Each structure stands twice: as C-alpha cells, then as structure tokens.
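Data first, discussion second: the structure below is written as structure tokens.
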Protein chains: 2
Amino acid sequence: MPQIDNSTDDIEARVLDAASELFIRYGYDKSTMNDIASNAGVAKSTIYLRWKKKEDVFRALLIRESCLVTEEWIDRVEADPKGGTYGAWIRHATVATFSNPFLTALYKQDRRVLGSMIERLGQTDLYQQRQAMFLHFFEALQDANAVRKDLDAHVLTYLLNSLQFGLIHFADVIPPQQTPDLSRVWEVLVEMVERLVTPEDGGDAEAGKVVVRQFMQQVRQRLDEFEKQSSFTG
Amino acid sequence: MPQIDNSTDDIEARVLDAASELFIRYGYDKSTMNDIASNAGVAKSTIYLRWKKKEDVFRALLIRESCLVTEEWIDRVEADPKGGTYGAWIRHATVATFSNPFLTALYKQDRRVLGSMIERLGQTDLYQQRQAMFLHFFEALQDANAVRKDLDAHVLTYLLNSLQFGLIHFADVIPPQQTPDLSRVWEVLVEMVERLVTPEDGGDAEAGKVVVRQFMQQVRQRLDEFEKQSSFTG
DNA sequence: TCATGACCAAATAACCTTATCTGGTCAAAT
DNA sequence: ATTTGACCAGATAAGGTTATTTGGTCATGA
C-alpha cells in the first residue's frame, strides 16, 4: 500500500474512484457504502463527513465524470486536423462521451448499473439535450455557409442522434467477432455525413472552422466556470 | 356478434388474431389461454385441438406475422418507382418490418410483451440475420457495378443495421412532440445513403434494378414455399 | 367428427415471519 | 480537528404457508 495522501481532495478522489468502479461492476444498489469506504481506504463515517448520503456520492460522481468527458471531447476536437467538419465533430462528441462507462450507463439507462437511482434521477432528457446541442451547432454552420442550408436541421440531427444511440447499443446486440473495427465504422459514417451536408460548391470550410473553434471555446469556458463553482461533495 | 365462420382456417385466424392483440397489450405471460379463447369466440379446448401448448400458439403467431411482413416488404419495393436503389430498399425493409408490433417487440426483445418467452426463444440472432441479408444484397449490387466497389460492405451494412436499431428504439427516448415526421427522416437517410454508395460515374442503375428484381423474386419464392410447407398449428 | 365443460396438478400470487444487512449517527480515539 | 468504530432503525433477503389461477386433459354432448 503506497503512501496515502489524506488531504481532502485525495480522499474525495479515492472515494469517487472506488464508487465508480463498484457501481460499474456491481451496480449502485449492490455496492454498499462499506464496500466503497473499504476500497477507498477510509472508514465509512469519513465518507459521511463529505457527503450527506449515498445518493450524493452518486451525483458527485456524475458531475466529475461529465467534466472529464467534456475535457476529453475538447481535446479530441482540437487534436484532429479534420476537427472542423461536422462529421468529425459528431464523431468526437460521441466517442468522448461513450468511452466513459459511467456516462454510457446513464445514457443507456442501464438498470444493472443505475438500479434504484433510475427513478430518483427521473427524466434525464440526455438525448434531448444532445439533440438541442447538435441542432444549435448545425444551424450555426448553416449560417456560416459551411454546410447545406436546404437540409432540415432538425430532421438531420434527429437522425444522427438516433444513429449514435444505435451504435452505442449495438455493441450489446452483435457479438464482438462479427463487429467491425469501430474506427472504420466511424470513418464511413463521417464520410457519409460529409457527403450529405457539404454544399455542391464545397461551402465555406474556413468559416466552418471558425464556428467550431468558437463553439469549443464556449464549451471550454462553461466547463471552467462549472468546475469553479462545483465541488464534488454533497 | 356477426356470422361465425367455424372452418378450421377461420378458427385459427381468429385465435391468432386474439393472441396477437392480447400479447401486445398485456404481454405473453399475462394473457391466458382462456382470454385468447374467449376473445376468439371458441372454447379453450378448441385451441388445444390445434396447438399442443400455449408456446406453440406464440410460435405460430411468429410465423404468421413474419409472412405478413415479408409480403408487405415485397409489395412496398415493387410499388416504389425508386425501389431499385439501395437506400430505398433499406427503407422498405425497415418500415415493413417495424410496422408490425409483434415483430417489433421481438426485435426489441421487449420483455413487457415477450415475458417468459424471451428465455425460451433463446438467442434469436435477428439482427445478425438481417446484417447478413443486407450484406449479401449490397455485395450483389457491387458485383453489378450499381454501387461503389471501394466501400467495405461489412462496415457499411453494420452501420445501417445499427441505425435501424437506433431509429426503432428512439421512439421510446424522444417524446413525440419533438420527433420529426418519420417519412422526412427516411428521405434524408435515403439521400445520405445514396450519396455515399453511388459511384462517381453514377454506376449501372439498370443493372441495380435487375439485382433488386431478382432478389425480391427469390424472397417471394421462398415465402411461397414456406407458406406451402408451414401450417400455423403446432 | 368436432366443440365443449368439468376437472386436476402445478404454478403463481399473496401474505406472514425471522434473520441479516445497510445507510446513517454520534461519542470516543488519535 | 479529523478519523474511526460501535450502534441502531429500517430495509432487504430468505424462508414458509395458504389461496387462487392457469395450462392442459379427457369424457361428454351435439
């Protein structure tokens, strides 16, 4: 057992790490506060010094994972030379989110993981919020003449949102031996999207990159503000 | 109560109709043989003269509904002037299948409807079979120079299969007020597919139509043979 | 010959009791 | 000032009993 840093931040991180691992493996209901405490190397009472109840640990984890995912998304877009296209943007938004098991379980409304938290969380509207973001962003690209203006933005983004849903869930339907390399799938999908949305004359690709940059700056800013005012405690 | 035709075919049809309605509404487990008999206007024992057990009624219904869906699919393709394109073909394959509530419940593995039959049916491989059909058909189109030969058929058909999955399930995720007209969604999707698969030189569209026609003839033939040797009884 | 109603054993639903576990609390220890 | 271990009431799990329902059978009726 290496040196244990018992600063507040480290205890909280250790508790959230333990909670994350246990919730993913055994589900929320089957993971006891004693399990979490024991895996985090603290007493159960120590957890209650920071979070009022078990549910608050779950919610703190949700916030933390969301911030991590957003960070990942920003990094991916900024690192991709083709990050300025709509198809690539969609790809990164999806891959970043669904590389996180906790957020994936949330999007999937996975009762095995979420258990009794499902009812307590109520209607999460995750896909609706996602749809609104996709829509808002696509419309900004249309305004910038970077993509076709004649496409119905709502219909297209609904389609892409449901495709995302399908890709995420299909992993549970088709056995791995019959599943192609997902990065290949994404390449085809990005190509398909780009062939659809790109205007005949090619559109204003530079303006598109500006829109993407501005959008991601806004996302970054919101994340920073959120992290400033949020703590991961109850 | 109108004239009751008590020929064998009519009794069976009435029983299957009643079973279908009850299974969809109350689920397999909550629909009793007495309910089915009563709704069909026969005695429970009459059902057992034709099917050995409850499960066999379910299986007979499955066969009947599959035949209806296949018939519907053939009709749609043949009635569509654009039925010769891959995108349109995909559309009709999907819309025909998922306009049938019983088959939809099966594809969705809807425990509310299927109940204890889920375990008894075991691994249905429905999406795998569908994938194989999509793949086989796309490869035939590639061979006929009707679509791009450089596309990875497996990756593309996996993508379209998962999209189908997403579209079917998304109805349960996004509220109806925020769901666009699905025929609009299909139009965009067909356009997206066609823009992706059509070769730069337009390909051999006439050869494509021949492939479609031949394929649907085979489907029709198989359906006829199946209906000849199948009965809807245990 | 075909449809039916009465019947039956097993399955299911409803209810109850007891033992154990779990989220949360608080005084004591460091 | 911070962490901990003992404690507790309510929740959950496990086990049992009783009443009702259900899938299926078979002799009878038309």
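Just so you know, these numbers come straight off a predicted model, no measurement behind them. Just so we're on the same page: letters track the sequence lines, and every chain starts at 1.
- Looking at A:Arg76 and A:Asp80, no side-chain N of the basic residue comes within less than 4.0 Å of a carboxylate O on the acidic one, giving no salt bridge.
- In this structure, B:Leu49 atom CG and D:dG23 atom C1' are separated by 15 Å, rounded to whole Å.
- The side chain of A:Thr46 contributes no N or O atom lying less than 4.0 Å from OP1 or OP2 of D:dT3.
- Closest heavy-atom contact between B:Asn100 and B:Leu103: OD1-N, 2.9 Å.
- Taking side-chain N and O atoms only, A:Arg50 has no distance below 4.0 Å to OP1 or OP2 of D:dT2.
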>> Could you walk me through whether B:Phe170 and A:Tyr127 satisfy the ring-ring contact (aromatic ring centres under 6.0 Å, His included) test, starting with their C-alpha distance in whole Å, then the side-chain angles of each, then the deciding distance to 0.1 Å, before giving a yes or no?
In response: CA-CA 9 Å; B:Phe170 228 36; A:Tyr127 278 105; 5.4 Å; yes
Using the 3.5 Å cut-off, write out each protein N or O paired with an N or O of nucleotides 21-28 of chain C and the distance between them.
residue: C:dG23; atom: OP1; partner: A:Lys54; partner atom: NZ; Å: 2.8
residue: C:dG23; atom: OP2; partner: A:Met33; partner atom: N; Å: 2.9
residue: C:dG23; atom: N7; partner: A:Lys44; partner atom: NZ; Å: 2.9
residue: C:dG24; atom: OP2; partner: A:Tyr48; partner atom: OH; Å: 3.4
residue: C:dG24; atom: OP2; partner: A:Lys54; partner atom: N; Å: 2.6
residue: C:dG24; atom: N7; partner: A:Lys44; partner atom: NZ; Å: 3.3
residue: C:dG24; atom: O6; partner: A:Lys44; partner atom: NZ; Å: 2.9
residue: C:dT25; atom: O4; partner: A:Ser45; partner atom: OG; Å: 3.3
residue: C:dC26; atom: N4; partner: A:Ser45; partner atom: OG; Å: 3.4

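- The distance from atom CD of B:Glu12 to atom P of C:dA3 is 10 Å, rounded to the nearest whole Å.
- Outside the 6.0 Å centre-distance limit, the rings of A:Phe98 and A:Phe165 are not counted as a close aromatic pair.
- B:Trp89 and B:Phe134 have their aromatic ring centers within a separation under 6.0 angstrom.
- Under the 6.0 Å distance and 45° angle rule, B:Lys54 does not count as a cation-pi partner of B:Tyr48.
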